[in-house]
Number of protein chains: 2
Amino acid sequence: MAHKYVYLFNEGNAGMRNLLGGKGANLAEMTSLGLPVPQGFTVSTEACTAYYHDGKMINDEITGQIENALKEIEIICGKKFGDEENPFLVSVRSGSRVSMPGMMDTILNLGLNDKTVKGLAKLTQNERFAYDSYRRFIMMFSDVVMEIPRAKFERLLDMLKEEKGVEFDTDLDADDMKNAVALFKNLYYEEKGTFFPQNPREQLMESIKAVFRSWDNSRAIYYRRMNDIPGDWGTAVNVQSMVFGNMGETSGTGVAFTRDPSTGENKLYGEYLINAQGEDVVAGTRTPEHIETLKDIMPEVYDEFAQIAKTLEKHYRDMQDMEYTIERGKLYMLQTRNGKRTAAAALKIAVDLVNEGMITKEEAIMKVEPRQLDALLHPQFDPKALKNAKPIAKGLAASPGAACGQIYFTSADSTVAAKAGQTVVMVRAETSPEDIEGMNHARGILTSRGGMTSHAAVVARGMGTCCVAGCSEIRIDEANKVMYVGDRQFAEGDFLSIDGSTGNVYGESIPTVDADVTGDFATIMGWADSVRRLKVRTNADTPHDAEVALRFGAEGIGLTRTEHMFFAADRIAAMREMILADTESQRRIALNKILPMQKEDFKGIYRVMGELPVTIRYLDPPLHEFLPSKNMTAEIQAIAKELDTTPDAVVAKIDALHEFNPMMGHRGCRLSVTYSEIAEMQTRAVIEAAIEVTQETGHVIHPEIMIPLVGAVKELAYVRSVVDETAQKVMKERQVKLNYWVGTMIEIPRAALTADKIATEAQFFSFGTNDLTQMTYGFSRDDAAKFLDSYYEKKIFDFDPFAHLDKDGVGKLIEMSVKLGRQTRPEIKLGICGEHGGDQSSVIFCHDVGLDYVSCSPFRVPIARLAAAHAAIMEKRAKN
Amino acid sequence: MAHKYVYLFNEGNAGMRNLLGGKGANLAEMTSLGLPVPQGFTVSTEACTAYYHDGKMINDEITGQIENALKEIEIICGKKFGDEENPFLVSVRSGSRVSMPGMMDTILNLGLNDKTVKGLAKLTQNERFAYDSYRRFIMMFSDVVMEIPRAKFERLLDMLKEEKGVEFDTDLDADDMKNAVALFKNLYYEEKGTFFPQNPREQLMESIKAVFRSWDNSRAIYYRRMNDIPGDWGTAVNVQSMVFGNMGETSGTGVAFTRDPSTGENKLYGEYLINAQGEDVVAGTRTPEHIETLKDIMPEVYDEFAQIAKTLEKHYRDMQDMEYTIERGKLYMLQTRNGKRTAAAALKIAVDLVNEGMITKEEAIMKVEPRQLDALLHPQFDPKALKNAKPIAKGLAASPGAACGQIYFTSADSTVAAKAGQTVVMVRAETSPEDIEGMNHARGILTSRGGMTSHAAVVARGMGTCCVAGCSEIRIDEANKVMYVGDRQFAEGDFLSIDGSTGNVYGESIPTVDADVTGDFATIMGWADSVRRLKVRTNADTPHDAEVALRFGAEGIGLTRTEHMFFAADRIAAMREMILADTESQRRIALNKILPMQKEDFKGIYRVMGELPVTIRYLDPPLHEFLPSKNMTAEIQAIAKELDTTPDAVVAKIDALHEFNPMMGHRGCRLSVTYSEIAEMQTRAVIEAAIEVTQETGHVIHPEIMIPLVGAVKELAYVRSVVDETAQKVMKERQVKLNYWVGTMIEIPRAALTADKIATEAQFFSFGTNDLTQMTYGFSRDDAAKFLDSYYEKKIFDFDPFAHLDKDGVGKLIEMSVKLGRQTRPEIKLGICGEHGGDQSSVIFCHDVGLDYVSCSPFRVPIARLAAAHAAIMEKRAKN
């Protein structure tokens, strides 16, 4: 039997989403529920795949099936395509598995031509309606199928209205519409050199092809990439018989939700337009009415619709987003789907549906998209205050949240002001590692240069601090501490508000409100916690980060980077002294200066975390990051003076530390191998701090020491021997016993490949998926930005492997490591601390592959908790 | 039963080499053959391992076994340790599985002290001998066990001789020797603060520990690394009863080979000293006699020795290197082992032994170490001429071979001179990619800066051109085209000779002789070819390289890099025009200029290779390599002028191309994805050249197009579609059908991990193990040089993974790829084209893992052929 590519609405159901797309499956489902649905058929997603496979052609088999379906629908509807007496008209709409903005949406009134329009006029006794429908069809077809700009048609219509001196389309009469049709057809001819197609079958096939094509337009590709949708799914096409909302005052069209999509409130929410087709609602030329008013105008229609809404919500057990049309007082349902909603509404609806007995708690958990929570977790502008505010500039939305504060232009000034109690927004052309302290104290960060992977953006996201980056509309005069936007000028101490979720910059003070982690949020998270297996830790370098993460439910620290601490103004000098040292004993002198500070860092974190595990990663970056670049003469002179050496000596050291590929250079555990005294100092700080905080608080502190960038077991064995010897020495000095662990990051492919060996020396593995992704793909994140756009454009990559874990490659290494590691050491603790630890799909992968925990930035902890619950539920469902 | 750590000589045999070390196993074997061997025992390599395991202690169990063995030997020899009448004396010598220079060698006369020396004097009636032996023992023990510099003892002896006005040690009498003993003991006390140990058991245990310690001294570690010897093998210790070559005119000691180790000639070869101990032979203070003369002095001893030599050679079926001592006219054998030999001798001996019916052809193949061939394959200085030459400077032996020619200081000058027929040695401070053309024309390259991985060194090795790099003793004035060495001055056109195998530079003309690939060499290679399965191809970028490789037996080209061609003076301008282009059409204009040149390159190579496969890799390096660096103002101005643009525009492009980690940046197939017109041009060149050479020569040319740096199958699919479309177009234009293949390098870990998918698009895989090693280890070769020394020192790495393939990590990826690739496409062709393709152990791995071919630089082709034969024979033996 031939393969079936085309399904009548009465042949499908809601379970056939992959084949029929969401829209088609739901139309079929509504049909089977006996709801008033205009009949039609769906051309399947497989037909779309076949279209691309056949070199963008619809083959004869599929064409035949479309024609057959059309005939059957003609019979059902009692009309015929192209019939001059009683013409059959259809709409053509795309519909993929998941709703996808950016694809072609709708063509209405297809089937009209110079002859059938007359039949329609006669049949409906409404010439104006018929020609209005025809001119709309010409415009839509020309726009979406033939790519003639819609604006050109609208200009013609405006001209007509102007000529006649009226304001609204509804003021145009039948003759005006006939004129419009003539003008539109003429425009079509001028643009394409051919006449507007009169054959309804040709109109149909061209429209179907246009839907298929639109699957691959750049907006759709971009959307898929952002949302992790595979490029090979394809879209279905729905061909549905037309009903008309523009047949007069007893006709209309609208959209509605079964609950309020912004707040989740349980009441019918929506709007409609009388005497209109769908596009009028979208176009916004007339203001639609609230759905409540329909109760007064057409009470039976309203009651029927409210009843259908209830039925659908109950049937789908979720809030529904519906489209409907009223044709001469009769209600038709054109679409239903689970409605999109804000994060707040998602939480409320999920909790309410459980309380209403409609769904289980597990189903409620699954109804909240983890990634959606992000919007709730950061401080936001007070919505009332924001209403009247106007942005003065727009940059990249680099790190979410809102901040309002006084601006400062240097790290030092920001730090001083913050310590004096001011709320600070730090403004810089771009940031460097030396700005860490100021960034740490700032409530928000604004830069005029740099992209989504610039230093400011990456560090701010890690800190959970709001950041607008690369805002080229502002000009910063750092020397004079002034910022210009257009002709406005902002001095040090002036107030500014920035929104890292939108990129907006406001030249005024807008109050912010903190994330609310109570109420429905807390309820859902509690349910999530009760079902998930995966633990969630946080990446935190400071006591403040740790506090925020605890509030968001972190169960430990999976990554404390020790290097950020070294950039602080009061210790970078000692760090540089260490780097510039020529001998081990000189290095030790400098390290001894760092030791007490480093110890205080750890004590602060231990105090916040109590008995929760704290994983501390040893010094990781190449040492040159702590020195200025060669051309920063003033900086170099200052360093030379401070360290009592010559600028030439500093330059010579900078030269000696130069690397061709710093990411693949002298860093990570390689530093501890060459300068084991660094690992000694860090171990002393970790152990002494743990002993002291244990004595101070009575909490049993259990540090986990993490050695980065290990590629061979002997590297780890060597550094571990340094750690163990030092730890034993400290414990002997203090006459105290303390449990600590030594583990490693798995971030070098070779470590994953030899994980059985590595596990002989490691008590835990933490997957550093940022570096592991870079090494596995063989491109650095910074450099890849230059060519990845081409990769998305040419559909070589479906998504950014730094945002979502690559399961085929990087994931395979993780799976190998898990297997090999447990083979050697069954009780080994396995976690992940790359940025993927806070990404929904990656967390699910981590659950599936059997990790013990994920660790992510504080603001992503709730996302990870919820995603982990999703993973556990999906696993359970797959088993049943 | 307790584990056995100590074996008497009559308990072992030659098969126990791993346990007893080479020396111990052979002493046991000679014992079992009934040869005259002074008896003793061997402390096994396992005892050495235990020593390190126990924290550098010899545990009680082993100490007990040593004491028991000593007692048994005392009984056999009828003497007692420390007996003041008839003292038992022993030698202590190290002996690991393979002979290893750099480890402690020998302590003789152990057991002597102030009392036993008197007994010895009395017993032998030779006071001089006894005290001579004692002072020797004090010196050796102090030197190798206690690390008191030997020179200090020799100075004392010299003083004595001076006092007495004599020249040789033999001129010193018994009293002088007594004085020497006293002075030596005093020196020992001054150096160590304790008296020279008088207890023979203590002397013995300290000596054994010293041997164990010497396993891990830096020279031994270095040697192991150079020779691929695992650090955990450990060494055995041989304790053997002393016989004395210094008991007068009927005593002596010597070494001999059963055949000439330099030429392989089949005659007894060696030397001896009368009235001497082994160290005198080594010290070189007296000139030893040729062994033939022994025939006259002690004919019976000579005959017995000659007979034993024959026996041993027959027994071991290989040329033997023997040590012997004559004590009062009686011959003792102290050691035998397979003798080290030059490459030429190895070939001759192997062939002769086959002809003599002593071994099979396969055994002959196994007797020649593949890596040893290297010395034979490059031009060498005429030995006679070299004899009188004195080097004027010494640099790094960066690329083997010898060259003599006239010096030129720029790439252009070198090219012109070479084209005019001169033999050129190119002299530069350091080279850059722009010097490629000159380097290509030069017979040798000399640089004053840069290490073993500098541009000059790497490129020269690739080309097989002799190179001395980093010769800091020379000073080059490039502006004035003069080179200074001390107070000598060399101008353009002066003659210089350099030896890339030794690093020597000669200020004169020394004739060279070419490699001889006939005779025994050809015989062995023929036998090797008949047994190997693995094919051997070459990496060749030019027709010249291809010719050399063919002469050395290459069976195709596994890698033609196309980028080197672009650096030639006549085309780099077009390349830069392409890079500076802002639009695709501008790029195409520039590419059209490159096309005919690129086509000629390929035609030249096809003509040489005939119907053998030629693999052409598409453009690989990041584009910035074709531009000068930002501070090269003059260069930039020249480019701006040539390309009719501004220096600012050139600088802007250099900035735009800047990458943080160029190795992980925009290169390889990523270039073809963003600028598919480059792949189009290269395809056109490959296909048109193949068609034209096929028409010209009648050979069926079969190009293999290789896409570099693929990490995801869709990358390859995209580039392949460009290649296929272009190839089809060219074939249609030319109305010719041509077979070509498209494959990829596997050099990114992700490619290996997803090889099953990659294979859907690839007709062959070629493992690029240079990059694959870098990515798998996460360090770049250039940058790793800075810390790898620490890694060797701390025994974290046993060998350089860029020299020998890392089987655990990189090898695992290769194994996975082979399995996954064949799973998808059983007929897929698998090869390797990294530098490992010419490395003995790596070639063996490639055979074992089932590759079809290896590809290496031309001069390494014979090494790979022989190594492949070794692999096949070892596999066969393992099966039997």
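The figures that follow rest on heavy atoms only: side chains count, while hydrogens, waters and symmetry mates do not. Labels below follow one simple rule: chain letters A, B, ... track the order of the sequence lines, proteins then strands, and each chain is numbered from 1.
With a threshold of 4.5 angstrom between heavy atoms, F660(A) approaches chain B through its backbone and through its side chain. A656(A) touches chain B through its backbone: at least one of N, CA, C or O sits under 4.5 Å from a heavy atom, while the side chain does not. Only the backbone of L657(A) comes within contact range of chain B, with at least one heavy atom under 4.5 Å from a heavy atom of that chain. For Y718(B), the part lying near chain A is the side chain, with the backbone staying farther off; criterion is any non-hydrogen pair under 4.5 Å. In this structure, chain B has a heavy atom under 4.5 Å from the backbone of K795(A), while its side chain stays farther away.
The main-chain N or O of G231(A) is found under 3.5 Å from a side-chain atom of W215(A) such that the two form a donor-acceptor pair. Of the possible donor and acceptor atoms, one in the side chain of T744(A) sits under 3.5 Å from a partner among the backbone N and O of I707(A). Put simply, the side chain of D783(B) never gets that close to the backbone of E659(A): no donor and acceptor are under 3.5 Å apart. For E715(B) (side chain) and A712(B) (main-chain N/O), a donor-acceptor pair under 3.5 Å exists by modelled atom type.
For the residue pair S780(B)/D782(B), the side-chain donor-acceptor check at 3.5 Å is not satisfied.
With chain B as the partner, the residue from L753(A), N661(A), D789(A) showing the most heavy-atom pairs under 4.5 Å is N661(A). Ranked by heavy-atom pairs shorter than 4.5 Å toward chain A, the options K786(B), E747(B), K757(B), R670(B) are led by R670(B). Taking P662(B), G711(B), S790(B) one by one and counting their heavy-atom pairs under 4.5 Å with chain A, the maximum is reached by P662(B). Here M664(B) is the residue among K714(B), K812(B), M664(B), Q774(B) with the most heavy-atom pairs under 4.5 Å with chain A. If you tally non-hydrogen atom pairs under 4.5 Å between each of H666(B), E793(B), K794(B) and chain A, the highest count goes to K794(B). Top candidate by heavy-atom pairs under 4.5 Å with chain A, chosen from T754(B), D808(B), V810(B), is D808(B). Here G778(A) is the residue among A751(A), G778(A), G809(A), A717(A) with the most heavy-atom pairs under 4.5 Å with chain B.
Salt-bridge check for D771(A) with R667(A): passed, with a basic side-chain N closer than 4.0 Å to an acidic carboxylate O. Residues R750(B) and D806(A) are paired through a salt bridge, judged by an N-O separation under 4.0 Å between the basic side chain and the carboxylate.
Taking the ring axis of W233(A) as reference, the NZ or CZ atom of R224(A) does not stay both within 45° of it and closer than 6.0 Å to the ring centre.
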